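Right, one structure below, let's go through it.
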There are 2 protein chains.
Amino acid sequence: MQLFLSKFRNKIDQKGRVSIPSQFRSILFQDGSQKMFCYPSLDAEAIDAGGDSLSREIYALMDNLDPYSDEKDFLSTALFGLSEELRIDSDGRVILSEPLIQHAQISHEVIFVGLGQKFQIWEPDRFSNYLQEAQKRVKEQRLLLSKKNKGL
Amino acid sequence: MQLFLSKFRNKIDQKGRVSIPSQFRSILFQDGSQKMFCYPSLDAEAIDAGGDSLSREIYALMDNLDPYSDEKDFLSTALFGLSEELRIDSDGRVILSEPLIQHAQISHEVIFVGLGQKFQIWEPDRFSNYLQEAQKRVKEQRLLLSKKNKGL
DNA sequence: AAAAATACCATGTTATCCCATAGATACCCA
DNA sequence: TGGGTATCTATGGGATAACATGGTATTTTT
């Protein structure tokens with residue numbers, strides 16, 4: 001299976017269009033769909049996105065819940081209600097919706113970050129902050145790990 | 001199968017007409033019907049709505065109940081008695097009935113929220129309250145989910 | 001006849017399609 | 001190997017189509 005890797009910085013034009021990095025686009029197109037599935041990330045000021053496999057994963061998650069429970073009602077509102085399938089135009093671009101832009105505080109430029117099964121879309125400054133924080137955490141963790149695993 | 005996703009905010013005009021978001025409309029039209037099946041949501045101040053598959057699902061649900069039970073009587077009153085099939089006009093609009101409007105406390109604007117198999121129609125302020133609650137609950141539940149679903 | 005429902009038309013905004021360009025990369029062949 | 005050409009990609013712009021929304025006319029109901 002193809003993974004979303006690396007990161008790419010692209011511009012948003014006056015009409016609100018962004019090119020999806022061609023590497024990512026070709027993965028999205030593999031299942032024949034012209035859609036990019038996305039939703040506000042649960043724990044970051046970013047947009048989570050992916051293709052059919054990601055959306056199927058989420059649909060499957062919903063199917064496992066008791067149909068008439070509160071839990072299902074809340075989850076389907078938060079997941080289905082906030083998810084979108086953005087159409088990818090003939091030039092490989094999408095238009096991010098207002099709620100998504102708000103959530104990720106995006107203005108005129110974004111960074112696509114591959115995360116394997118999915119990818120994220122960030123406002124560039126926010127991403128570099130996040131990345132710094134993440135790297136700091138990794139170093140801290142590594143100190144702990146290195147006591148047990150000398151190989152790292 | 002096509003799912004109802006995302007949310008849309010539309011206006012109600014002086015005649016009481018609302019446009020059904022085109023994404024939703026095209027799903028409703030898939031079975032060829034020009035109708036929107038709907039009823040007051042059982043546990044929210046909102047309108048539940050969908051197409052043929054939703055009404056069939058509810059019929060099936062009723063069939064599974066003991067024919068002479070109180071439970072069946074209550075449910076059929078609560079659901080069928082209050083259900084409506086609203087005609088969709090040539091421009092893709094419906095007129096919400098007075099009882100539905102009352103139940104959801106709707107005035108001049110509504111939010112359509114996709115929930116997968118069905119969607120809901122909310123008064124905007126009420127919805128944002130409900131959404132906050134839903135997001136809170138999802139975050140609380142999230143530890144449980146994350147053990148089974150790494151992708152999210 | 002009055003009121004409500006329906007069909008029909010008009011408009012502004014937004015999305016979508018199509019084409020153009022510039023920079024980068026890959027390709028080819030002498 | 002070097003130089004040129006084709007290809008791909010991101011990005012911009014204009015033309016077109018779709019959509020939400022408002023209004024008017026016509027029909028149906030009561």
Side-chain angles (χ1 to χ4, degrees), chain A residues 2 4-30 33-38 47 49 84-102 106-114 119 121-124 127, chain B residues 2 4-30 33-38 47 49 84-102 106-114 119 121-124 127:
Chain A
Q2 284 263 56
F4 296 103
L5 290 180
S6 182
K7 58 190 165 69
F8 306 88
R9 183 177 182 136
N10 283 348
K11 289 177 186 167
I12 299 182
D13 71 13
Q14 294 159 334
K15 297 182 181 179
R17 299 175 298 187
V18 219
S19 290
I20 299 172
S22 67
Q23 288 192 27
F24 288 5
R25 205 189 305 151
S26 63
I27 299 178
L28 296 180
F29 282 174
Q30 271 174 5
S33 83
Q34 282 268 118
K35 301 278 177 67
M36 181 180 93
F37 179 80
C38 55
I47 301 167
E84 323 211 3
E85 284 192 333
L86 301 182
R87 200 194 337 281
I88 301 173
D89 75 14
S90 48
D91 297 327
R93 293 180 280 198
V94 291
I95 296 181
L96 301 175
S97 73
E98 198 48 48
L100 291 175
I101 286 173
Q102 290 277 333
I106 289 166
S107 57
H108 64 290
E109 222 165 343
V110 292
I111 291 196
F112 292 79
V113 185
F119 58 93
I121 303 173
W122 287 81
E123 192 281 322
F127 176 69
Chain B
Q2 282 266 58
F4 296 102
L5 283 185
S6 184
K7 59 190 164 69
F8 306 89
R9 183 177 183 137
N10 284 345
K11 289 176 184 164
I12 299 181
D13 70 13
Q14 292 156 337
K15 295 182 179 179
R17 298 175 298 187
V18 221
S19 289
I20 299 172
S22 68
Q23 288 192 27
F24 288 4
R25 205 189 305 151
S26 64
I27 298 178
L28 295 180
F29 283 174
Q30 271 175 4
S33 83
Q34 282 266 120
K35 300 279 176 65
M36 181 178 91
F37 178 79
C38 55
I47 302 167
E84 318 198 13
E85 283 195 328
L86 301 182
R87 213 188 60 88
I88 300 172
D89 75 13
S90 51
D91 296 329
R93 293 181 279 198
V94 291
I95 296 180
L96 300 175
S97 72
E98 199 47 48
L100 291 175
I101 287 174
Q102 289 282 331
I106 288 165
S107 57
H108 64 291
E109 222 165 344
V110 292
I111 292 198
F112 292 80
V113 185
F119 58 92
I121 303 173
W122 287 82
E123 192 280 322
F127 174 69

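In what follows, chains are A, B, ... by sequence order, proteins preceding strands, each numbered from 1. Because the structure is predicted, anything quoted here is derived from the model rather than measured.
Put simply, CG on A/Asp89 is 14 Å from C1' on D/dG13, counting in whole angstrom units. With rounding to whole Å, A/His108 atom NE2 is found 11 Å from D/dT11 atom P.
Protein chain A contacts DNA chain C from C/dT16 to C/dC19, reading 5' to 3' and using non-hydrogen atoms of the protein with a distance under 4.0 Å.
Counting heavy atoms from C-beta outward, A/Ile47 and A/Val110 have side chains that stay 4.5 Å or more apart. Within the 4.5 Å cutoff, no side-chain heavy atoms of A/Ile12 are placed close to those of A/Ile101. Side-chain contact between B/Trp122 and B/Lys7: absent, with no pair of heavy atoms (C-beta onward) separated by less than 4.5 Å. Side-chain contact between B/Phe119 and B/Met36 is present, with heavy atoms from C-beta onward closer than 4.5 Å. Taking the side chain as every heavy atom from C-beta outward, A/Gln34 and A/Phe29 approach each other to under 4.5 Å.
Fit an axis to the five pairs at each end of the helix from C/dA1-D/dT30 to C/dA30-D/dT1 and the two axes sit 40° apart, to the nearest 10 degrees.
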#### Entry: B/S/- contact track for nucleotides 15-25 of chain D, protein heavy atom under 4.0 Å
B---SSBBBBB
### Query
Yes or no on ring-ring contact (aromatic ring centres under 6.0 Å, His included) for A/Phe112 and A/Phe8, after CA distance, side-chain angles and deciding distance?
CA-CA 5 Å; A/Phe112 292 79; A/Phe8 306 88; 7.8 Å; no
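Scored by the side-chain contact (heavy atoms from CB on, under 4.5 Å) test, B/Gln14 finds no partners at all (sequence neighbours excluded). Here B/Glu85 pairs with nothing under the salt bridge (charged side-chain N to carboxylate O under 4.0 Å, His left out) rule; sequence neighbours left out.
The side-chain hydrogen bond (donor to acceptor under 3.5 Å, both in side chains) analysis of residues 92-102 of chain A, with sequence neighbours excluded, yields the pairs A/Glu84-A/Ser97, A/Asp91-A/Arg93, A/Glu98-A/Gln102.
With A/Arg17 as the partner, the side chain to side chain contact (heavy atoms under 4.5 Å, CB included) test is satisfied by one option alone out of A/Val94, A/Asp89, A/Leu96: A/Asp89.
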